[in-house]
Colleague: 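Before we start, here is the structure in question, set down as structure tokens.
Below, read A as the first sequence line, B as the second, and so on, with proteins coming before strands; counting in each chain starts at 1.
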Amino acid sequence: MTNKNKPIIQMKGISKFYNVGGEEVRALDNASITIYEGEFVAIIGPSGSGKSTLMNIIGCLDVADKGEYLLDGQAIEKYTDSELAKIRNKKIGFIFQSFNLLSRMSTFDNVALPLIYQGMPMHERKQRAMEAIERVALADRAKHKPTELSGGQQQRVAIARALATHPTILLADEPTGNLDSRTGEDIMHLFHELHEAGNTIVLITHSEKIAQQAERRIRIMDGHVEEEPYTFKTEGGII
Amino acid sequence: MIIQSVKMAWEAITSNKMRSFLTMLGIIIGVTALVVLVSLVNGATSSITSEVEALGNDMISVNVFDDKGLPLRLEDLNTIAEYESVAKIAPSGSSSAKVKYLNKDMEISLYGTTPAYYNIQGLKLDYGRFLKSADLDNRSYVAVLSHDTAKELFSDTDALGKNITIDGRIFLVVGVLKEDESFMGAFMGSKSIYVPYTVESRMSGIPYIISFNVASTDNTAAESEINSMLLQRFKQDEEAFNVINMSTISSTMDTITGTLTLLLGGIAAISLLVGGIGIMNIMLVSVTERTKEIGIRKAIGAGYGSIMAQFLVEALMLSLLGCTIGLLLSWGLLELATALAGKIKFTMTADVVALAVGFSSAIGLIFGLYPANKAAKKHPIEALRYEG
């Protein structure tokens with residue numbers, strides 16, 4: 001099992017400004033959150049609330065203008081693009097609303113792609129990618145291209161791609177947004193399984209119903225965040 | 001990583017075959033132009049060079065323009081023949097004449113010469129004999145016909161022992177030469193008749209020698225010896241005569257064809273450059289179309305270098321594929337040219353192939369650089385948001 005109560009994401013006073021038509025817009029205003037290892041957290045807010053900005057900063061796609069962000073103990077600052085890419089590759093497993101698979105590549109190639117960017121040798125890469133594909137129960141679709149798969153299957157390929165690198169967190173942006181409700185439930189079920197297996201999951205959503213399935217919610221509105229308290233755990237259970 | 005880049009580039013190229021082909025077309029045409037033009041010049045050059053060498057790099061040809069009242073006679077040639085550097089010497093009076101046999105007549109070049117001419121010029125007999133010393137001494141009206149002349153006058157029948165009329169005088173045909181298969185022969189025409197020098201000089205009314213050919217054993221020495229002998233004879237007037245050394249001609253020709261190769265190669269290189277611009281153009285379009293893909297790759301961990309490598313390899317692969325097709329096409333065209341030309345063999349040399357491959361790679365890399373950099377510098381968030 002994972003080491004309980006170890007903070008994975010620590011944000012203090014994170015702010016992000018945008019300049020829209022000469023006017024400064026605060027997409028994130030002095031946000032402070034902490035997410036612990038093994039947690040299943042939902043970030044919930046309506047569109048335009050700043051949740052995409054928060055996700056981009058958590059996922060190291062963007063860097064905050066102000067404040068401090070520690071990801072797995074490492075300070076994320078104004079690194080170069082390539083350095084940020086390396087951090088994303090190692091620590092973040094992205095799952096997008098529109099799956100974002102590469103359409104020319106097979107399931108296997110899509111899942112193995114982040115491992116290629118790690119420079120992992122072919123033999124190990126094959127094994128890791130197949131493990132991840134088996135984890136989402138798509139072994140029989142490994143050679144199929146995304147266009148030959150259903151939406152739910154495509155999202156499972158995307159989850160396998162996120163799992164392949166054994167990332168510190170799984171960062172899912174509206175993962176059920178493009179799926180019908182039954183398939184969406186299947187995907188949420190898969191997230192629960194992954195959570196139980198010890199993965200840290202951060203799920204961004206606008207849906208209260210989806211958010212309620214998480215252990216804890218971080219609410220965001222007009223750039224301000226409000227965090228439900230974290231319940232410290234012991235091996236035996238709740239203190 | 002390199003293998004993966006190659007694999008990705010191959011997938012990208014084959015996923016839109018028509019566009020990839022059109023992109024490569026510039027390079028295909030450029031490479032074909034380069035290889036074919038350079039190979040054609042090379043082929044023609046080596047063919048001409050070998051002809052000149054067959055004529056004899058050891059041959060020296062002398063023409064007298066102004067004899068200052070001291071014309072050369074056969075005895076003078078005998079003096080020159082004694083030089084150690086001179087192997088053989090033969091006068092060659094030439095004029096154009098009209099030849100008739102029965103009801104056929106034609107214009108030919110009439111050469112008045114001696115038996116040595118046969119070896120100096122590397123002539124080959126088909127049948128009969130060439131001129132003999134006795135023919136000169138006796139001023140015999142005998143003639144040796146070139147293959148083309150015999151063919152025109154006698155068709156395929158035996159010409160030996162037949163009487164022909166050259167400018168109103170009757171000659172006995174004693175020999176016929178083999179067909180002159182050389183490039184020069186085809187170029188300059190080979191309708192000629194050889195008669196004894198003594199007879200020709202009487203017919204043309206020029207009783208002295210105005211031109212002669214020498215086969216030398218050492219052509220530098222022979223050239224300078226003949227030069228100084230003639231200078232002395234013609235009162236130190238350098239304009240009175242000229243001495244043409246065949247080895248000088250072939251080196252001059254090398255310079256000319258070298259320049260020609262450079263010129264044609266340069267023009268072809270410009271078309272390759274235009275092909276490179278075509279690649280850049282399509283790569284830029286492709287980078288824009290694939291913005292989303294670039295965003296996805298960046299999100300899952302591709303850095304600047306990985307994206308750069310991917311698009312550079314793609315540009316390089318396009319130009320090298322184009323180069324390969326161009327080389328195959330060139331090979332076909334050169335085979336065709338060889339078949340059509342008959343006498344000349346055109347081949348692609350390793351040098352030309354290396355030049356084409358090197359130039360195409362350089363063009364792929366140079367013109368791929370800008371689009372690849374553009375792709376690699378895209379911001380991941382904006383790229384992910386792109387809906388093309």
Colleague: Please look at A/S98 and chain B and tell me whether the side chain, the backbone, both or neither of the residue comes under 4.5 angstrom of a heavy atom of that chain.
Modeller: side chain

Colleague: Mind checking the CD1-CZ spacing from B/I300 to A/R161? Nearest 0.5 Å is all I need.
Modeller: 5.0 Å

Colleague: Hey, are the side chains of B/K292 and A/N100 touching, using non-hydrogen atoms and a 4.5 Å cut-off?
Modeller: yes

Colleague: Is any side-chain heavy atom of A/R104 closer than 4.5 Å to one of B/E293?
Modeller: yes

Colleague: Taking only residues at least two apart or on different chains, which pairs with a member in residues 10-29 of chain B satisfy side chain to side chain donor-acceptor pair (under 3.5 Å)?
Modeller: B/R19-B/E289

Colleague: Should the heavy atoms of other residues, nucleotides or ligands under 6.0 Å from NE2 of A/H206 be counted, would the total exceed 12?
Modeller: no

Colleague: Select one option (side chain, backbone, both, neither) describing which atoms of A/L101 are under 4.5 Å from chain B's heavy atoms.
Modeller: backbone

Colleague: Would you say that A/F96 contacts B/I296 through its side chain, given a criterion of any heavy-atom pair below 4.5 Å between the two side chains?
Modeller: no

Colleague: Say you draw a straight line from CG of A/L61 to CD of B/E382; how long is it, rounded to the nearest 0.5 Å?
Modeller: 11.5 Å

Colleague: Which pair of non-hydrogen atoms, one from B/G301 and one from A/Y117, has the smallest distance, and what is that distance?
Modeller: O-CB, 3.8 Å

Colleague: Between B/A12 and chain A, which part of the residue has a heavy atom less than 4.5 Å away: side chain, backbone, both or neither?
Modeller: both

Colleague: Count the heavy-atom pairs under 4.5 Å between each of B/A302, B/G303, B/P380 and chain A, then report the option with the highest count.
Modeller: B/A302

Colleague: Are B/R297 and A/L102 packed together at the side-chain level, in the sense that at least one heavy-atom pair is separated by less than 4.5 angstrom?
Modeller: yes

Colleague: To the nearest 0.5 angstrom, please state how far the CD atom of B/Q4 sits from the CE atom of A/M122.
Modeller: 7.5 Å

Colleague: With sequence neighbours excluded, give me every salt bridge (charged side-chain N to carboxylate O under 4.0 Å, His left out) pair touching residues 314-340 of chain B.
Modeller: B/R290-B/E314

Colleague: Can you confirm whether more than 12 heavy atoms, excluding those of B/F21, are under 6.0 Å from its CZ atom?
Modeller: no

Colleague: Quick one, A/M105 and B/K7 - any side-chain contact, counting heavy atoms below 4.5 Å?
Modeller: no

Colleague: Does any part of the side chain of A/D81, heavy atoms only, come nearer than 4.5 Å to the side chain of B/K377, both counted from C-beta?
Modeller: no

Colleague: If you count every heavy atom of other residues, nucleotides or ligands that lies below 6.0 Å from A/F17 atom CZ, does the total exceed 12?
Modeller: yes

